[in-house]
Every structure is written in C-alpha cells, then in structure tokens.
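Comments concern the structure below.
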Amino acid sequence: MGKIRLTVWNEFIHEKSGEIARIYPDGIHGAIAQMLGRYDEFEIRTATLDMPEHGLSQEVLENTDVLIWWGHVNHAGVSDEVTDRVVKRVLDGMGLIVLHSGHLSRPFVKLMGTCCRSKWRENDEKERIWVIEPAHPIAAGLPEYIELEQEETYGERFEVPTPDELIFISWFSGGEVFRSGCCYKRGLGKIFYFRPGHEEYPTFYREDITRILRNAADWAKPSGGPKPTLGHYEALE
Ligand code: ZN
C-alpha cells in the first residue's frame, strides 16, 4: 500500500492572536502536520475553515484516507454541504480522527447521533491517560499511562454512543474521569475520538501524543476491502 493520505483540518481561529499564537505559531494543524510529517508513511495536507469549501472539496476528500479534525469556537461555521460531504466520505471508508473539542463538530455529532456534550472546566489540572486496551494498535509503543501536567478537564458523562472499543480512560486531578480514546465504525469508515489538545497547552508537540495520532491514522485508514453490494442480489448458485 502507498502512503497514508492525511488531511489535517483545523478551524484555525484561536491561534491567530495572543498567547495561543505563541504556543501554536503555525496553528494546531501546522503543529500536527509538522510532528506527523517526520514519518515517511504519510502524505499530509492541511485545510482550514476560512479556505473555500473549508479546504474540504470533493476532490480533497476523495484523495484523503484519514481526516484529522480540530474545532472549537465556530463549529456552526462549517457548512451543511461540507458536513454532509465529510459524513458521506466516512461512511464510504475514509478514516476520521476527532480531537478534543471536535467532539461538538458537526460531522462528529452527525455520525454519533447524540449531542456529544460532557462536563468541562479550564483549571490547569493534570490529566492522566490510562491505556486500558494495551493490545490495540492505537496503544502500540505507549507506556501504561501518560501524564499531561496541565490540560482542560473533561468529565463524564460524555454523551456519545457506547464506543465499539475504548482504548483510553482519563483521570483528572479535579476528580473527574472521561472516556478519552473511543473507537467507532460507521459504514465502512473508522472513527477515533481522542480527548486531549486544548489550545492553551502545547499538547500536540508531545512525542507520546504524536505516537497516538500516528497509530490512530494507521488504524483508521481504509482497509482496501471489497465494496459491498447493497439491495436486491441474484443467487450465486
Ligand atoms: Zn478546549
């Protein structure tokens, strides 16, 4: 198989000014593309909300194996057309990795069918991410747990469908727990939701987080399996 064609999508609003521009001078998408771009297996492009069709034209999506999504303050700014296009591509087999506040993005909410809300608090608390499925490909090469000294806190209940596979559970120093690594299949596509990545912390420059995104992209890429025939079907025998 050739390279994994990765599109890193970001709404790219927070990082245009102030302290967050200092943390992510090239945007969160730029940081993720830079970290994953060190690996030969990827062919990476980035796309942002302010581009025509949010950078997600039919052609771009057709040439994307795995789409990474970060959004926060302007989920509503993503058009119906692009939302539906992303959902359809996932159902047709494109992988989707949804990060942090992307849990409230329009494509993810539509694919889940629930509101996808949770508790949250910005309080510089510690997050400890426990690997609870060490044999899963997304956990390859990780230690038993990862600690992020400061992150935004999310807490259960996380209003999503029960994941097909749950890879990580986070504990926060304020007391909450959260299902922070959730795998889903929708149609022919694989979806991975990963919790960390608040814009005020340099989380996406970490090697362990990059390892998880790398593993997740490999897991979520299209399998190359047969396209099923649906509807009336003549007997083979
Ligand atoms: Zn956040």
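These numbers come from a predicted model, not from an experiment. Numbering of ligands and ligand atoms starts at 1, following listing order.
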- Message: Checking Glu127 against Ser170 for the side-chain hydrogen bond (donor to acceptor under 3.5 Å, both in side chains) test, could you report, in this order, the C-alpha distance in whole Å, the side-chain angles of both residues, the deciding distance, and whether it holds?
- Response: CA-CA 6 Å; Glu127 176 174 11; Ser170 287; 2.5 Å; yes
- Task: Give a yes or no on whether Glu152 keeps an N, O or S atom under 2.8 Å from the Zn ion (ligand 1).
- Result: yes
- Specify which N/O/S atom of His198 comes nearest to the Zn ion (ligand 1), by atom name. ND1
- Do the ring centers of Phe12 and His29 come within less than 6.0 Å of each other? yes
- Message: Would you say the Zn ion (ligand 1) has His72 as a near neighbour, meaning an N/O/S atom of that residue under 2.8 Å away?
- Response: no
- Given Phe158, Trp70, Trp69, Phe168, the one that forms ring pair (Phe, Tyr, Trp, His ring centres under 6.0 Å) with Tyr193: Phe158
- Message: Taking the ring centre of each residue, are His103 and Tyr154 less than 6.0 Å apart?
- Response: yes
- Item | His100, N/O/S atom nearest the Zn ion (ligand 1) | NE2
